[in-house]
Amino acid sequence: MRISQLFIPTLFEEPQEAEAISHKLMLRAAMIRRLSSGVYSYLPLGLKVLHNMERIIREEIDAIGCQELLLPAMTPASLWQETGRWDAYGEDMFRLKDRKDANFALGPTHEEIITDLVRREVKSYRQLPLSFYQIQTKFRDEPRPRFGTMRAREFLMKDAYSFHRSEDEAIETYVKFYQAYEKIFTRCGFRFRIVEADSGLIGGSRSHEFIALSDIGEDTIVECSVCKYAANQEKAECGRGERWTGEMSALQLVDTPNVKSASDVSSFLNVSPDRLVKTIIYQTESGSPVAVLVRGDKEINENKLCRVLNTGQISLADARTVEQATNAPVGFAGPVGLKGIRIIADYGINEGGNFVIGGNKPDSHFIGANLDRDFEVSEFADIRATADGDKCPQCGKELRVSKGIELGHTFNLGTKYSKAMNATFTDETGKERTIIMGCYGIGVSRLIPAYIEQHHDSSGIIWEQNIAPYQAIVLPLNIADPVQFGLAEDVYYKLQNAGLSVLLDDRDERPGRKFTDAELLGIPIMIVVGAKTKASGNIEIGYRRTKEKHFEPIETLVIKVRELLGVI
RNA sequence: CGGGGUGUAGCGCAGUUUGGCUAGCGCGCCUGCUUUGGGAGCAGGAGGCCGAAGGUUCGAAUCCUUUCACCCCGACCA
C-alpha cells in the first residue's frame with residue numbers, strides 16, 4: 001500500500017488526553033481517536049492490528065472445534081430478569097427502551113443470550129457437547145474508563161460458551177480452551193502468566209486468568225519464586241508459619257489519645273506495624289457483625305473473607321455497630337475482653353506475640369497482648385491479602401506480587417445460568433438434566449494497548465510481525481529522484497510478490513519525518529532507499545526491534561527480510 | 001460517588017491573578033521557489049462565537065452564577 005493513499009494522521013506532539021504510554025502511542029500512531037469517554041473509533045491502522053489479533057484468535061478457537069456465531073448486541077430485559085442480572089448488574093448496564101416502552105440492554109456479556117439460544121435448540125444428549133464463540137462489541141458503563149481502549153465502555157470481546165452433559169466433559173473442553181489461549185497469547189507476543197482466579201460464589205471447579213505483566217495493570221497477581229504456584233491476589237493463599245514461642249511481656253493499657261489508624265499507632269508508640277493487630281468489624285449479609293484480626297502490616301482480602309464467612313457480600317460496619325460491639329469508638333476495637341461476637345483471626349496472629357492491640361476503650365491500646373493468655377479467637381483463617389515475602393501455600397518459599405492486565409479469563413460455570421434459565425437435555429436413560437456450562441473470554445480491544453505497554457521504546461511501537469499492521473515499509477528518501485524512487489518501487493513489488501504486507505512511503509516528505517513515522521508506527525522491517533543506496537548498490541534493511549541495519553544486494557533482499565521476520 | 005485538574009486555531013500551549021481597543025506563539029495546513037539520510041529555508045496566505053448558557057460592566061477569554069465535556073487520583077483496613 002502506498003502511504004499517500006492511506007489515512008494515517010500521525011501526531012508529532014504528545015496528545016494531552018492520554019496518560020498511559022500505550023494510549024499516547026495509539027493516538028500518535030493514528031490507530032484510534034476518541035469519540036467520547038471510553039468510546040473510540042479505529043482508524044485504518046488500528047483496525048488492521050485488531051483484525052490481525054482476531055485472525056489469530058479465530059484460528060486457534062476454530063481449531064478446538066468451537067463454532068463462530070454472532071449474537072445481538074441489543075438484548076431484551078426479560079432474559080436478564082430470568083437470572084436476576086437485570087437488577088444485579090446495576091449501573092454498569094447500558095439500558096434503553098423501544099417505542100413500546102419495553103426495556104432492553106446493550107449486552108455487557110452474553111451468557112443469557114447464548115443459553116436462551118441453546119435451550120431452544122438442544123433437547124438431547126446426542127446434540128452435546130457444543131461450543132460457540134463470537135467476537136462482539138460489548139457495552140459496560142464503567143465507573144471509570146481508563147487508558148484509552150484498555151478499559152473502555154464500548155469494547156470488543158471474544159466470548160465463548162460451552163455446553164456439556166457432565167462435569168468431566170466440561171473440564172475436557174476447559175483444558176482445550178486453556179491451551180488455545182496459551183497459543184493465542186504466545187502468537188501475539190505477550191509476556192503473560194496464567195493464574196488461578198477467584199471463582200467467587202458462582203462455584204465451579206476452576207477459573208484461570210491470563211495476565212499480561214505490566215505495571216499499569218489493574219490486576220495484582222501472586223507468584224511463587226520457586227514452584228509453579230500463581231494466583232490472582234483476590235484468590236491467592238498464604239502458607240502458614242509456626243506458632244510464636246517468644247517470651248511474653250506483661251499486658252498493659254496505655255493512653256493513645258485520638259490515635260486510630262495502624263500507621264498512627266505504630267508511630268505514636270514507636271513499634272513497627274507488624275507488631276500491631278488491627279481489629280476490624282465487618283457487617284455480613286445476615287446482619288450479625290464479625291470481628292476480624294489481621295496484623296498491622298497486612299491488609300484484609302475481602303474476597304477470601306467472604307469465602308470463610310460463606311457469604312457474597314460484606315461491608316465495614318458503621319460507627320454505631322462498632323461501638324455496640326466493642327464499647328469503643330471506631331479506631332480502638334480489640335479482641336481483649338471482646339464477647340458475643342465471632343472473632344476470625346488471620347494465621348499471621350498465630351505467628352507473633354506481644355502485640356499492640358485496641359483497648360476497647362476510647363483513646364487507649366493494649367501493649368504486650370498475647371493470644372490465649374489475653375484474648376481468644378473463634379477461629380483462624382487465611383484472610384489476608386497475600387503480599388511480597390509471604391509463604392507459598394504449595395512449597396513454602398517466598399511469594400512475589402506483581403501487576404498485570406487481564407487479557408483473558410476462563411471459567412467453569414457449572415449450572416448457574418442453565419439452571420436459572422431451565423436449559424436442560426434428556427440423557428441416555430430418558431432423564432431430564434441441566435446442561436453444564438463453561439465460558440471463556442478474551443478482551444480483544446484490550447490486547448492492543450496491553451501489547452504496546454510491553455513492546456515499545458522511546459521512538460514508538462514495536463510490532464511482532466504477525467500482528468503488525470504491515471510487515472515492512474519502504475522509504476524512498478527523495479521521491480523527486482526517479483532512479484531512487486524506481487528502485488524503491490522495485491523493492492516494494494518484490495516484497496509484495498513474496499507475500500509480505502508492505503507500505504511504500506511515497507509522500508513528498510523530508511527523510512526525517514519518514515524515519516520517525518516508520519518507527520512510531522512500529523513496522524518491523526524498514527527498508528531505506530536513498531543516495532547511499534544508489535552509490536553502494538546494496539539495500540539498507542533496518543530491523544525495528546533492535547534498530548540494527550543490514551545491507552543486502554537486491555537479489556537476496558527477500559530472503560534476508562524473511563529471515564529477519566522469522567518466517568523462513 | 002468523593003477529591004484534584006483542564007477546556008483558547010487541526011495539535012501543543014501562553015494570555016485569566018490586576019477586565020481595555022485588532023486574541024497571541026510553536027508545530028501543522030495552503031501557494032510559489034529552493035532543498036532532500038533524522039520533523040528544511042525564504043516569501044506570501046488561510047484558519048477562533050476563547051466548551052455552553054445566563055449575568056455584572058461603557059467594555060468580558062479574563063469577574064459572578066449555572067451547566068456540559070474530558071483527564072487524573074481515590075472509593076471506606078479503624
Side-chain angles (χ1 to χ4, degrees), chain A residues 9-20 23-24 27-28 30 33-39 90-91 143-148 151 153 216 218 256 258-266 273 276-283 289 291-302 305 314-319 321-323 325-326 328-334 346 357-360 362-363 365 383-385 387 459 475-481 484-485 488 505 507-520 526-536 540 542 547 549:
Chain A
T10 56
L11 304 176
F12 186 52
E13 294 182 270
E14 294 263 293
Q16 183 244 349
E17 74 184 57
E19 197 67 28
H23 189 191
K24 285 181 184 169
L27 289 164
R28 288 190 52 209
R33 288 293 184 262
R34 191 190 68 216
L35 177 62
S36 175
S37 179
V39 182
E91 297 210 296
R144 193 174 154 205
R146 228 195 273 238
F147 303 150
R151 175 171 294 279
R153 297 195 296 171
I216 73 157
E218 297 174 279
T256 50
N258 208 27
V259 181
K260 297 178 183 178
S261 71
S263 63
D264 289 350
V265 174
S266 164
L276 266 52
V277 172
K278 297 190 279 196
T279 305
I280 293 146
I281 312 297
Y282 274 95
Q283 191 82 50
V292 178
L293 306 187
V294 66
R295 271 175 26 189
D297 59 335
K298 304 292 181 185
E299 308 271 296
I300 291 172
N301 178 333
E302 293 187 355
L305 183 56
I314 50 168
S315 57
L316 290 172
D318 56 42
T321 310
V322 172
E323 281 175 42
T326 68
V330 171
F332 303 97
D346 182 70
I357 222 159
N360 284 339
D363 298 331
H365 281 77
I383 49 167
R384 70 172 188 261
S459 314
L475 308 185
L477 296 185
N478 181 3
I479 63 162
D481 178 341
Q484 214 183 93
F485 192 69
D505 195 345
R507 297 174 301 173
D508 186 13
E509 291 288 352
R510 306 238 93 207
R513 172 146 191 188
K514 295 190 177 189
F515 288 129
T516 24
D517 271 354
E519 284 162 2
L520 172 65
M526 176 168 89
I527 290 166
V528 183
V529 179
K532 284 187 205 166
T533 315
K534 235 172 38 171
S536 75
E540 176 184 324
K547 292 205 172 171
K549 291 175 180 175

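Order of the sequence lines sets the chain letters (A, B, ...), proteins ahead of strands, with each chain counted from 1.
- rA23(B) and rC49(B): their P atoms are spaced 13 Å apart (whole Å).
- Using atom P as the reference point in both rG26(B) and rA43(B), the two lie 13 Å apart (nearest Å).
- Using N1 to N3 plus N6-O4 or O6-N4 for Watson-Crick, or N1-O2 and O6-N3 for G-U wobble, each under 3.5 Å, rG74(B) pairs with rC1(B).
- Between the CG atom of Leu477(A) and the C1' atom of rA40(B) there is a distance of 14 Å, rounded to whole Å.
- rA60(B) is unpaired under the criterion used here, namely a Watson-Crick or G-U wobble arrangement in which both key atom distances are under 3.5 Å.
- To the nearest 0.5 Å, atom CZ of residue Arg384(A) and atom CD1 of residue Ile300(A) are 11.5 Å apart.
- Between rG24(B) and rU67(B), the two P atoms lie 34 Å apart (nearest whole Å).
- Under the Watson-Crick or G-U wobble criterion, with both distances below 3.5 Å, rA69(B) is paired with rU6(B).
- Nucleotides of RNA chain B nearest to Arg146(A) and Leu520(A) differ in position, and the one nearer the 5' end is that of Leu520(A).
- In this structure Glu19(A) satisfies the salt bridge (Lys or Arg N to Asp or Glu O under 4.0 Å) test with no other residue, sequence neighbours excluded.
- Considering only side-chain atoms of Ala531(A), the nucleotide from rG37(B), rC29(B), rC77(B) that sits closest is rG37(B).
- Within 4.0 Å of Ala317(A), counting heavy atoms only, lies at least one base atom of the nucleic acid.
- Looking at Asp346(A) and Arg295(A), their side chains never come closer than 4.5 Å, going by heavy atoms from C-beta outward.
- Under 4.0 Å is where a charged nitrogen must lie from a carboxylate oxygen, and between Glu17(A) and Arg34(A) at least one such pair does.
- Among all heavy-atom pairs drawn from Leu477(A) and Val528(A), the shortest one is CD1-CG1, 3.7 Å.
- The residue among Lys549(A) and Gly38(A) whose nearest nucleotide of RNA chain B lies closer to the 5′ end is Lys549(A).
- Checked against rU36(B), rG37(B), rC77(B), the side chain of Leu316(A) finds its nearest nucleotide in rC77(B).
- Within 4.0 Å (heavy atoms only), Glu91(A) reaches no atom of the nucleic acid at all.
- At a threshold of 4.0 angstrom between heavy atoms, the contacts of Ala262(A) are confined to the sugar-phosphate backbone, with no base atom among them.
- Pair assignment for rA46(B) gives none, since no Watson-Crick or G-U wobble pairing has each distance under 3.5 Å.
- Residue contacts shown for Ile479(A) are absent, as no nucleic acid heavy atom lies under 4.0 Å away.
- rA9(B) and rC25(B) have their P atoms separated by 14 Å, given to the nearest Å.
- The nearest whole Å value for the distance from the NZ atom in Lys532(A) to the C1' atom in rG37(B) is 5 Å.
- Residues Lys514(A) and Ile479(A) have side chains in contact (heavy-atom distance under 4.5 Å, counting atoms from C-beta outward).
- Residue contacts for Ser37(A): at a heavy-atom cut-off of 4.0 Å it reaches the sugar-phosphate backbone alone, with no base atom in range.
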Please tabulate, one pair per line, each protein N/O and nucleotide N/O from nucleotides 8-12 of chain B that are separated by under 3.5 Å, including the distance.
unit_1: rC11(B); atom_1: O2; unit_2: Glu13(A); atom_2: OE1; d: 3.0
unit_1: rG12(B); atom_1: OP1; unit_2: Gln16(A); atom_2: N; d: 3.0

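- Val322(A) comes within 4.0 angstrom of a base, heavy atoms only.
- Comparing the P positions of rC72(B) and rU62(B) gives an interatomic distance of 28 Å, to the nearest angstrom.
- Listed nucleotides: rU36(B), rC77(B), rG37(B). Nearest to the side chain of Lys278(A): rC77(B).
- Separation of the P atoms belonging to rC13(B) and rU56(B) is 35 Å when rounded to the nearest angstrom.
- The partner of rG26(B) is rC11(B), by the rule that a Watson-Crick or G-U pair needs both atom distances under 3.5 Å.
- The distance from the OG1 atom of Thr256(A) to the CG atom of Asp363(A) is 6.0 Å, given to the nearest 0.5 Å.
- If you check rA40(B), rC77(B), rG37(B) against the side chain of Thr533(A), the one that comes closest is rG37(B).
- Side-chain contact check for Glu299(A) versus Lys278(A): some heavy-atom pair is nearer than 4.5 Å.
- Taking atom C1' on both rU57(B) and rG12(B), the two are 34 Å apart, rounded to the nearest angstrom.
- Distance from the side chain of Phe147(A) is smallest to rC72(B) among rC77(B), rC72(B), rU36(B).
- Listed nucleotides: rC77(B), rC70(B), rU36(B). Nearest to the side chain of Arg510(A): rU36(B).
- For Glu519(A), the listed nucleotide lying nearest its side chain is rG38(B); candidates were rU36(B), rG38(B), rG37(B).
- In this structure, Val528(A) reaches the bases: a heavy-atom distance under 4.0 Å links it to at least one base atom across the strands shown.
- Counting non-hydrogen atoms under 4.0 angstrom, Ser36(A) reaches the backbone sugars and phosphates but no base.
- On the P atoms, rA40(B) is 48 Å away from rG59(B), given to the nearest whole Å.
- In this structure the side chain of Asp517(A) reaches within 4.5 angstrom of the side chain of Arg507(A), judged on heavy atoms.
- What you find for His365(A) and Phe332(A) is that their closest heavy atoms are CE1-CD2, 3.5 Å.
- Across all strands shown, rC33(B) forms a Watson-Crick or G-U wobble pair with rG41(B), both key distances being under 3.5 Å.
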